[in-house]
Amino acid sequence: MVKKKKKSLKRRKRRKKQVRKNYKKIWKLGDKEVGTRPFDIDREGKLVVRQGNYQYKIFDLVKRFGTSLEIIFPFIIEERLNEIHEIFAYYLKQNKYKGKFRFHYPMKVNQNKEFVLPIISEGGHIEVGSANELWLIKRLWEQDQFSSRIRVICNGPKTKRYLSLIEELKGKGLEIIPIIENFLELDYLRGYRGDLGVRVDPDLKIKSHWDKRVDQFGFSFQDLLKIGKIRNLKVLHYHASSQIQRLEDLVGSARLVMKYYIKLKKINPSLDTLDIGGGMPVAYEKKKIFSLESAVKGIVKTLKIQAERAGIPHPNMVVEWGRWVVAPAQITIFKILAEKKINRGVAKKWYFVDGSFMNDLLDTWAIKQRWHAIPINHLHAKTFERVWLAGSSCDSDDKYTAGGSYVRLPKRTEVENGDDLYVAFFDTGAYQDALASNHCLLSNPAQLSADSGLITVTRTRETAEDVGKRFGW
Ligand SMILES: *Cc1c(COP(=O)(O)O)cnc(C)c1O
C-alpha cells in the first residue's frame, strides 16, 4: 500500500513538472534561440529571472518599487557580447582567417551607464554618433575607467565642437577613429593625425522596416573612388540597415561592400578594416530568425574568399550589432488599471495600463514595433482574454494592438489573492530610452538594475515637479 502511494506521489510530481514546462512553452520562456533563456516561472505562477544561482522575483520587485517600471539585467548584455566574441573567434580559427575581429557598441542604442559599462568590461569597443556621446566617453576616460586599448569610432555630423573633442581626446592618447561621411568632413579631417575611416552608402534594397534604397549617410561608391588617396585611411564603414530580416541581406551587403573595399584598397594600401555596422535582428516576436552562428559563418567566409581572390590580406572585421546585444537586457512592466469591452475588433477588451506606449515604448507608435508581452503573475492561468492595451496618455494613438492582432492575457478578474495583473514587455533595452518623451506630461517609468543578486535603483520615478521643471515651471 505504502509503496503504491509513493509511486502516485512521484507521478503527480512528475506531472506537475511537465505542466510547468508547458507553461514555459506557452509564454515562450527559457528558450535561448529567441532570447528568453534566463526567464522562468516559479511555483506560484510568477515570472523569475535567473543569473546563475541568483534569482530575481519580478512580482516582488514590482510590489516594492511600483509601476511603471523598467528592469535592466546587465548580465544579459555580458552574456550576449561574450557569445559574439566566442562565435567570431571560432569561425576565424576554423577559416584560418588572419584579420582581427572587434565589436564596437553603437552608443545611440542605449546610452545608460548600466548598458555601456558591461560592454566595456567584456572587451567591447565603442561607436559614437554625436559630440555629446563622445563627451560621455571623455568623462569615463578622465575617471580612469577606460583602458587605452579601447577604440572609439566617431560617426555622425562633425560639428566644430565634435571635431575639437575628437582632437582633444586623440591628443590625450585615446584611439579615436573619425569616419568621414561627406566632402566637407573630408576637408576638415585631411590633416588628422590618427586613423581615419570613410562611410559608403551601399545602395542596396534590404528587407527591414528601413527598406529605403538610398539614405542620407555616406559617400556613393562612385564619389568614394573619385576622392583618391586619403592619408591614414584604415576603415571602410557602412551600415546597411537595422533589424535585417533575411540572412542573405546581411551577408550579401558584406559581399557587395567587400568589392568596394578591394577597389579602395588598391588606391589606399593603408586600408585594413571593414566595419559592417549594425543589422543583426532581435527575435521580438519570439519566432526563430536566422542564428548568430549562421550570420558570422556567412560573413567570415565571404570576406575570406573575396580577399584571397583579389590577393589582398583578410581585412580586420568590425560589427556594431547594438540592438542584438542590448534589447533583451531590459523589460518594461505596467499594471493593468482597468478594462473596457470592445464591440467590434479581433480583440474583445481594452486593458488600460499605467504607462504610455507613445512615451515609454515609442517604437510602438513610430515603427509599429511588435513586442513579446506576457503577464508577470497568474502565468498558470487557464482562461484568457484577447486584449488591446491602452496607454495612459490622452492620445488615441497611445495603444498596443500587436499590429492589428491582439495580445493574449489572463482574465484580470481571475487573478489570485485579489492581486492586480501586471504585463511585461520584453526586449525593451534598445532605442526606447533615449526616444522617451512626456506627452500629457506623464512621468517616465522608474528604473532598476538587477545584477549579482543586487537591486539598484538607477532612476527614481519622476515627480510632477521634475517633469514640470523641464517645461519651465
Ligand atoms: C544605429 C546604428 C547601429 C546599430 O544598429 P543595430 O541594428 O541596432 O545593431 C550601428 N551602426 C551605426 C552606424 C548606426 O547608425
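Atoms within each ligand, like the ligands themselves, are counted from 1 in listed order. None of the values given here were measured: they were computed from a predicted structure.
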Quiz item: For ligand 1, which atoms sit closer than 4.0 Å to a heavy atom of G279?
Solution: 6 (P), 7 (O), 9 (O)
Practice problem: Begin with the C-alpha distance, continue with both residues' side-chain angles, and end with the deciding distance and a verdict on side-chain contact (heavy atoms from CB on, under 4.5 Å) for V34 and K288. | Solution: CA-CA 6 Å; V34 297; K288 287 177 183 125; 4.1 Å; yes
Practice problem: Have a look at ligand 1 and work out which part of S242, if any, has a heavy atom under 4.0 Å from it: side chain, backbone, both or neither. | Solution: both
Quiz item: At a 4.0 Å cut-off, with the gap strictly under it, does some heavy atom of W324 reach an atom of ligand 1?
Solution: no
Quiz prompt | ligand 1 N/O within reach of M280 N/O, cut-off under 3.5 Å | solution = no
Quiz item: Numbering the atoms of ligand 1 from 1, which are under 4.0 Å from a heavy atom of K108?
Solution: 1 (C), 2 (C), 3 (C), 14 (C), 15 (O)
Self-check item: Ion pair check, D363 and R370, cut-off under 4.0 Å
Solution: no
Quiz item: For ligand 1, does R323 get within less than 4.0 Å through its side chain, its backbone, both, or neither, judged by non-hydrogen atoms?
Solution: both
Self-check item: Closest protein heavy atom to atom 8 (O) of ligand 1, given as residue, atom name and distance to 0.1 Å
Solution: Y431 OH, 2.5 Å
Exercise. Using the ring-ring contact (aromatic ring centres under 6.0 Å, His included) rule, collect all pairs that involve residues 112-139, keeping only residues at least two apart or in two chains.
Key: H104-H125
Quiz item: With atoms numbered from 1 as shown, which atoms in ligand 1 lie under 4.0 angstrom from a non-hydrogen atom of E127?
Solution: 13 (C)
Quiz item: So is there a nitrogen or oxygen of G322 less than 3.5 Å from a nitrogen or oxygen in ligand 1?
Solution: yes
Quiz item: Quick one: which ligand 1 atoms are inside 4.0 Å of a heavy atom on N155?
Solution: 13 (C)
Exercise. Check the pair V353, T67 against side-chain contact (heavy atoms from CB on, under 4.5 Å), reporting the backbone distance first and the verdict last.
Key: CA-CA 10 Å; V353 303; T67 46; over 6 Å; no
Quiz item: Which ligand 1 atoms are under 4.0 Å away from a heavy-atom of W321?
Solution: 9 (O)
Quiz item: Are E127 and K108 close enough for a salt bridge, meaning some N to O gap below 4.0 Å?
Solution: no
Quiz prompt | Sub-4.0 Å heavy-atom approach of H104 to ligand 1 | solution = no
Quiz prompt | Ring center gap for Y238 and Y260 short of 6.0 angstrom | solution = no
Quiz item: Is a salt bridge present between D31 and R37, judged by a nitrogen-to-oxygen distance below 4.0 Å?
Solution: no
Quiz prompt | Salt-bridge present (E168, K138; N to O < 4.0 Å) | solution = yes
Quiz item: So which protein heavy atom does atom 12 (C) of ligand 1 come closest to, and at what separation?
Solution: E320 OE1, 3.4 Å
Which donor-acceptor pairs under 3.5 Å do the side chains of residues 445-456 make with protein atoms, sequence neighbours left out?
from	atom 1	to	atom 2	distance (Å)
Q447	OE1	T458	OG1	2.9
Q447	NE2	E70	OE1	3.0
D451	OD1	Q51	NE2	3.1

